[in-house]
Each structure stands twice: as structure tokens, then as C-alpha cells.
Amino acid sequence: MENRKDTAMEMRIAPAMSLMDKLNILADAAKYDVSCSSSGSSRRGDGKGIGNTVAAGLCHSFAADGRCISLLKILFTNECIFDCKYCMNRRSNDVPRASFTPDEVCELTMEFYRRNYIEGLFLSSGILYSPDYTMELICQTLYKLRTVHRFQGYIHVKAIPGADAALIQRAGFLADRMSVNLELPTAESLQKLAPNKHRKTILRPMKQIQNGIAQNRDELVLYDHAPRFCEAGQSTQMIIGATPESDYQVMAVAESLYQKFALKRVYYSAFVNVNEDKDLPALPGGPPLLREHRLYQADWLLRFYDFTVDELLTEDRPNFNMMIDPKADWAVRHLELFPVEINRADYRMLLRVPGIGVKSARRIINARRFGRLHFEDLKKIGVVLKRALYFITCNGKMMYPTKIEENYIVRNLTYQSLASRKEKQLFAADGMQYEQMSLPL
Amino acid sequence: MPEEKYLICEDSIEGVFTGIYDAYAFREGHEHLHIQIGEEENLRLFASYLYITPDLVKTRKVAETIQKRLGADTYMSICRALATEDTEKGQAVYQTVVDGITRGSGRRVLENSMNPHVDAVFRLSRCAANEIHRLMEFVRFQELEQGILYSKIGPKCNIVSFLMPHFADRLPLENFVIYDEKRDLYGVHPAGKAWYLVSGMEPAPESLQLSEQEAQYQELFTMFCQTIAIKERKNLKLQQQMLPLRFQEYMVEFVKK
Ligand code: SF4
């Protein structure tokens with residue numbers, strides 16, 4: 001009797017919706033979140049379940065916007081008690097709402113995974129009733145996936161700001177990666193656009209996850225079989241262009257997130273104006289994709305090229321040059337350090353030469369042991385000579401005589417980058433593509 | 001003047017490794033020996049041609065020597081290079097082995113990008129590695145009536161044997177089959193058992209009856225892929241650059257129904 005009443009109630013509140021309709025609504029609502037499975041996490045299957053993870057990450061498909069489809073990226077629900085101004089799902093919007101059940105999420109994940117459609121699950125959510133209630137549902141879902149379905153593939157889960165620390169902890173032991181979105185670079189902007197969110201409730205779980213990972217690392221040293229906590233680390237995301245912060249402010253925040261919170265990745269998401277709210281910029285030119293691209297390039301320089309933000313930007317020059325990439329921009333402003341001799345320069349200096357990437361720098365260092373390198377060798381190694389030629393010598397000689405003068409070089413590099421189809425298409429991509437394009441060759 | 005010798009080998013790891021074994025057995029230096037895959041079209045007048053029959057014992061010896069002297073990574077790179085369709089790959093691998101063993105660059109041989117043969121092996125191996133990586137991503141399984149997962153591919157290189165370990169680790173409890181239609185080669189994985197290769201077998205058409213639920217999941221995923229795109233960022237060129245059409249024709253989300 002009890003049961004029948006419950007079902008009747010449910011029917012009235014949410015008339016049965018097909019899985020197709022729910023997926024449509026909840027994938028659409030999740031599409032602005034950036035995620036990526038190339039996390040450096042690599043785990044073989046144990047032969048008793050389904051799934052493994054691959055360090056380089058796998059992109060299983062590509063959407064019409066050119067972004068990679070790697071994970072089943074969905075919201076658990078797009079119901080929300082909050083009213084963030086930039087968000088399609090905010091309370092005050094009149095949009096179709098839907099919620100999955102834990103079993104539905106499991107079914108989609110397992111059936112998609114078996115068919116090799118996806119690398120795993122990216123589960124985020126609006127806030128249904130309360131942060132705890134929502135986080136509890138998310139934990140239940142992950143628990144079922146890991147135990148009932150023995151799913152050993154990749155799971156990225158959002159920590160709901162304001163959820164109880166114990167729930168965050170539980171999720172961390174079930175997921176490969178967790179993220180808490182910083183949303184906006186400064187506390188003032190957050191207050192203005194996301195009045196229900198607070199810097200505190202975002203940074204607290206971030207810290208908790210960081211500590212959890214560090215503690216887990218110690219445990220794993222002692223016990224090989226200790227349960228793993230967020231093996232693939234933690235990431236976050238900032239919306240770019242909805243608020244007036246400079247690139248310098250954005251990158252300074254990113255740098256301190258890497259240093260103080262040991263984040264694996266910071267994602268930048270060009271603002272898409274879905275709500276036409278009066279507090280939000282109109283962006284007649286569309287989302288600031290080129291700016292987003294420059295931020296990803298700079299982020300790359302911080303993580304792999306040993307640059308600091310203060311080398312790239314200053315208070316007086318707080319924004320990136322839209323015409324050339326941040327590394328070339330740095331190089332032309334430091335012509336006194338160039339040209340460098342390919343057969344002698346150390347790894348760190350090679351990395352600073354435009355046209356030389358992490359892989360080609362490594363290959364130069366390795367190949368040098370077999371003999372002196374010449375320009376033809378550099379080409380084979382993968383150095384982009386038409387960019388590098390202003391900055392290098394090989395055996396004391398430049399490739400050909402050229403003017404070493406800032407404006408002249410900038411003009412040439414700009415011309416190239418505008419002519420390059422690849423860069424043009426690329427800057428419309430986001431962090432995932434950036435990662436993909438730079439996969440180890 | 002010593003005569004140029006051409007060792008004609010079968011297009012397989014066994015073929016080329018047997019050729020390398022025989023080349024070393026001549027003990028007359030490596031400058032005038034060439035490993036060639038398949039028949040030469042323009043026969044040279046002042047050269048002799050020897051036909052090499054693949055031999056498992058010789059193959060194993062060469063494989064072990066490469067692994068021991070040049071390392072497991074180099075060995076894998078060599079195997080990948082031999083999976084490509086390149087016509088010079090046999091000679092490139094042979095000369096790379098010579099560089100590593102006889103000239104002593106050993107485990108670092110592939111770093112010697114100044115040797116054109118080594119550079120060729122490096123490039124070919126990278127090309128096959130890219131193809132393997134992409135197919136790990138783009139393989140699409142369809143569920144057949146008996147719950148068997150079936151995938152058809154048409155890769156540039158002969159890489160089914162590189163894909164199988166990945167999927168066997170990932171889907172250990174599934175019965176699955178990957179079929180390379182260009183080479184008529186099947187990778188077969190019975191649930192809970194070791195995988196194996198089968199060639200020259202046509203699938204009986206009725207065995208390709210899809211399971212009842214299959215159409216529903218294909219539809220769900222196709223819809224998901226369309227929904228997840230941000231229309232303000234539409235960029236079909238980028239999509240095609242990342243996912244070339246030659247793969248799309250095998251993928252459920254791109255097949256026009
Ligand atoms: S919390 Fe804010 S950003 Fe998240 S779903 Fe709700 S309204 Fe949107």
C-alpha cells in the first residue's frame with residue numbers, strides 16, 4: 001500500500017520520461033563543462049570486471065564543435081536551488097528539467113563503455129534539494145558502478161560546493177578525478193554572478209581533496225592495496241570573459257592553484273552568453289575563443305616549459321598578445337638571450353626557443369650524443385625551422401642571414417601563424433584539443 | 001667488387017626477421033646486403049636475388065637478440081614499423097638493427113636520427129602507433145544477438161594484433177571480435193580466455209544479426225554526440241581534422257541511417 005502511494009506521487013511530480021529525453025536534457029546541460037581523460041592515470045583491469053585507464057587518454061569521438069568526446073558527460077540532475085547568472089540551469093530559468101536515477105546512469109555508462117563509445121563517466125550536477133542530498137545520490141551512483149557493475153574505467157566527478165566533507169571523501173575513493181569549479185577568477189566576480197556560492201565553499205573541498213590525495217600517497221607507500229583516492233588528481237575550471245579580470249589575474253590564479261592546491265589541470269572556458277542577463281557582457285563577436293586559446297598556451301608554458309606568470313605578463317602589460325603566442329611573445333621581448341647554439345644549449349633554454357617543443361628539445365639532447373646536429377637534422381627531429389630560425393644557430397651559423405629585430409620578427413611570426421590553417425582551427429578548440437594536439441609523437 | 005645481394009622476404013615480422021638472420025649468417029658485412037619485401041619490379045643486372053622462407057626458429061632468435069641488445073621499447077617500435085605498408089621498411093629495420101648491434105648504439109639506437117634508416121624506423125613506428133592509438137579510440141562494437149561484441153575496421157596498417165591486448169585488458173569478460181576488412185583478418189577474444197588471430201574466414205551473414213537493444217544504444221549515443229556540441233563553437237573542419245572521414249565511415253554516430 002505504502003509503495004503504491006509513493007509511485008503515484010512520483011508519477012504526478014515527474015511524468016515518466018524516456019531515457020532518451022533525459023539524456024538529451026542532461027547532456028545538453030553538461031556541455032559547457034570541460035573535461036578530459038588524459039590524466040596520466042594508468043590502471044590495468046584485474047580481469048574480473050570491465051575497464052582500465054590509459055595514461056595518454058583516449059578521445060572516442062569528436063563533436064561538431066571539434067571538441068573531443070571522451071567521457072559520458074552528463075549532469076545527474078539539472079534541477080537547481082541556486083541561481084548562478086551565467087548558468088542555463090539556474091533556478092530562475094524556465095527550462096525542461098530532468099533527473100537520472102543511479103541505475104540509469106550505470107546503464108548508460110556500462111552499455112556505452114562496452115561498445116567503446118566512451119572512456120568513462122563525467123558526472124556533474126545541479127543541486128537538488130541540498131548539496132548533501134545531491135552529493136549522496138552521486139556517491140550512490142559511483143558506488144553501484146564500482147561494486148555492482150565492477151566498472152574499472154575512468155570516473156571524473158564534481159564535488160558539489162557545500163556538501164559534507166564525509167561525502168566528498170567517499171566520492172574521492174570511488175573516482176579517478178574530482179573537481180570543484182572555481183567558476184570565476186576573483187571572489188568579487190563570484191559574488192556578483194553566483195550569489196549562492198562562496199569562495200570558501202569552493203576552496204574548502206579543494207583543500208580537502210588535495211590533503212586526501214597527499215595522505216593516500218603515503219598510505220600507498222605503506223600498503224600496496226590501500227584504496228585509491230582520486231588517482232588522477234584534481235582539476236578546476238574558470239569562465240573567461242564574463243567578468244573584467246585581465247589575463248594576468250587569471251594566470252596568477254591558475255599558477256597559485258597549481259602551486260598551493262597541487263591541481264592537475266586548470267581549464268578555461270570561453271564564456272557563452274546563454275541567459276542574456278543584464279549583468280553579463282553581450283559578446284557580439286561570439287565567445288572569446290582566441291583568448292581562451294592563448295590562456296591554454298600559457299598554461300602549457302607553466303606546466304611543461306618552466307615559465308612563471310611574471311615572466312609572461314606584468315601589471316603594465318596584463319593581457320596576452322592576440323597576434324602571436326605567449327612563448328614567441330616572450331622570446332621577441334628577450335632577444336638579448338638569443339640566438340642559442342643548438343649543439344650546446346641546455347634543455348631549459350631549448351624549450352624557450354619558438355618552434356621547439358618538449359619532444360623536439362628531448363630529441364635534440366639525445367641526438368647530440370651521436371654527433372653535431374645540422375639544420376637538416378633539426379627538421380627531421382620536428383623543429384619548426386621557419387619559427388626557430390630567428391633564435392638559433394647550428395655550429396655557429398644561422399640558417400640564413402636575417403634581421404634580428406623585434407618588429408621584423410613579430411611581423412614574420414604573425415604572418416605565419418595567421419597563414420597556418422592549423423592554428424586557426426585550433427584556437428577554436430579548448431583544453432582537450434590542446435592536449436590532444438600535443439600528444440607525444 | 002662484391003656483388004649486391006637482395007634478400008626477398010615475406011611481408012611479416014617472421015619474414016623480415018628471418019631475412020635479418022640470414023643476412024648476418026653471410027658474415028660478409030652489411031653494405032652490400034639488402035632486405036626487400038616482395039618481388040622487385042625493376043630487376044638489377046648485377047645483383048643476385050635470394051628468396052627467404054620465414055622460419056620460426058630464426059625469427060625467435062632475432063626477436064630475442066633485439067629485445068636483449070636493443071631493449072623492449074626498440075623491439076616494439078620495430079614491430080610497429082613492420083606493421084606499416086611501407087615498401088622500404090624491411091631494409092630500414094635491418095639497417096637499424098645493424099646500427100644498434102654492430103655499431104654499438106644499443107638501446108639508444110632510435111635516438112640516432114642522423115642515420116636515415118633509423119629515422120625511417122622511427123617515423124614508420126610513430127605512424128603505426130598513431131593508427132593504433134586512433135583505433136583504440138574509434139573502434140565501435142556492435143552487440144550481436146548472442147551478446148558478442150563485433151567491430152569492423154579498415155586501418156592503414158596491419159594493427160589488429162596491437163589492438164587486441166588493449167581490448168582484452170579492458171573487456172576481459174566479453175566475447176568480442178575485431179575484423180580488419182582490408183586484410184581479411186579477425187582478432188577473436190573469447191570471454192575469460194586468451195585472444196587469437198584468424199585469417200581468411202568469411203562471417204556467416206546471419207551471425208551478424210544485431211541484438212534487440214543494440215539499435216537503442218546506437219541511437220542514444222548518436223543523440224548524445226549531437227547534443228554535446230556547443231553551437232557557438234561549431235567547427236566542422238576541426239572535427240574532420242581530428243577524426244578523418246576514413247574512420248567516420250565505420251562509426252555508428254556518423255553512419256547515416
Ligand atoms: S549551482 Fe549554479 S552553476 Fe551549478 S547548476 Fe546550479 S545554477 Fe548552474
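Below, chain A is the first sequence line, B the second, and so on; all start at residue 1.
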Problem set entry | side-chain contact (heavy atoms from CB on, under 4.5 Å) between A:Tyr296 and A:Tyr267, worked out | CA-CA 8 Å; A:Tyr296 276 117; A:Tyr267 291 103; 3.6 Å; yes
Exercise. Are A:Glu111 and A:Arg114 close enough for a salt bridge, meaning some N to O gap below 4.0 Å?
Worked result: yes
Exercise. Non-hydrogen atoms of chain B under 4.5 Å away: do they reach the side chain of A:Arg369, the backbone, both or neither?
Worked result: side chain
Problem set entry | Check ion pair A:Glu292-B:Arg233 (N to O, under 4.0 angstrom) | yes
Problem set entry | Under 4.5 Å from any heavy atom of chain A - which part of B:Ile230 | both
Exercise. If you draw a 6.0 Å radius around NZ in A:Lys380, do more than 12 non-hydrogen atoms from other residues or ligands fall strictly inside?
Worked result: yes
Problem set entry | Cation-pi check, A:Arg362 onto A:Tyr347 ring (under 6.0 Å, within 45° of axis) | yes
Exercise. Is it the backbone or the side chain of A:Asp28 that comes under 4.5 Å from a heavy atom of chain B, or both, or neither?
Worked result: both
Problem set entry | More than 12 heavy atoms from other groups under 6.0 Å of CZ on B:Arg69 | no
For this session: Under 4.5 Å heavy-atom distance to chain B, tell me which part of A:Phe112 shows up: side chain, backbone, both or neither.
Result: side chain
For this session: Using a cut-off of under 4.5 Å on heavy-atom pairs, state which of B:Met114, B:Arg134, B:Glu232, B:Lys234 scores highest against chain A.
Result: B:Met114
For this session: Quick one: which of A:Glu376, A:Glu107, A:Lys48 has the most heavy-atom pairs under 4.5 Å with chain B, could you say?
Result: A:Glu107
Problem set entry | Exam field: side chain B:Glu137 to backbone A:Cys59, donor-acceptor pair closer than 3.5 Å | yes
For this session: Go through A:Leu19, A:Ile50, A:Ile74, A:Asn24 and name the one with the most non-hydrogen pairs under 4.5 angstrom from chain B.
Result: A:Asn24
Exercise. Are A:Leu121 and A:Leu145 close enough that some pair of their side-chain heavy atoms sits under 4.5 Å apart?
Worked result: yes
For this session: Go through A:Arg43 and A:Asp176 one step at a time and tell me if the salt bridge (Lys or Arg N to Asp or Glu O under 4.0 Å) criterion holds.
Result: CA-CA 10 Å; A:Arg43 181 175 64 231; A:Asp176 289 274; 2.7 Å; yes
Exercise. Most heavy-atom pairs under 4.5 angstrom with chain B, which of A:Gly153, A:Ala270, A:Ser61, A:Gly371?
Worked result: A:Ser61
Problem set entry | Heavy-atom contact with chain A under 4.5 Å, split by part of B:Phe167 | side chain
Exercise. What residue, out of B:Asn115, B:Leu173, B:Leu171, has the most heavy-atom pairs lying under 4.5 Å from chain A?
Worked result: B:Leu173
Problem set entry | Among the listed options B:Ala168, B:Ser113, B:Ser105, the residue most often paired with chain A at heavy-atom distances under 4.5 Å | B:Ser113
Exercise. Any Lys/Arg nitrogen of B:Glu131 or B:Arg126 sitting under 4.0 Å from an Asp/Glu carboxylate oxygen of the other?
Worked result: no
For this session: Side chain from CB out, backbone as N, CA, C, O: work out which of these in B:Asn112 comes under 4.5 Å of a heavy atom of chain A, or both, or neither.
Result: both
For this session: Could you tell me which portion of B:Met136 (side chain, backbone, both or neither) has an atom closer than 4.5 angstrom to a non-hydrogen atom of chain A?
Result: both
Exercise. Can you say whether A:Ile381 sits under 4.5 Å from chain B via the side chain, the backbone, both, or neither, judging by heavy atoms?
Worked result: side chain
Seminar exercise, completed: Ranking A:Gly47, A:Pro287, A:Gly286, A:Ala30 by heavy-atom pairs under 4.5 Å to chain B gives rank one to A:Gly47
Problem set entry | chain A contact via B:Glu214 - which portion, at a heavy-atom distance below 4.5 Å | both
For this session: Please determine if A:Arg363 forms a cation-pi arrangement with B:Phe122, meaning its NZ or CZ atom is less than 6.0 Å from the six-membered ring centre and no more than 45° off the ring axis.
Result: yes
For this session: Could you look at A:Leu108 and say if it's the side chain, the backbone, both or neither that has a heavy atom under 4.5 Å from chain B?
Result: side chain
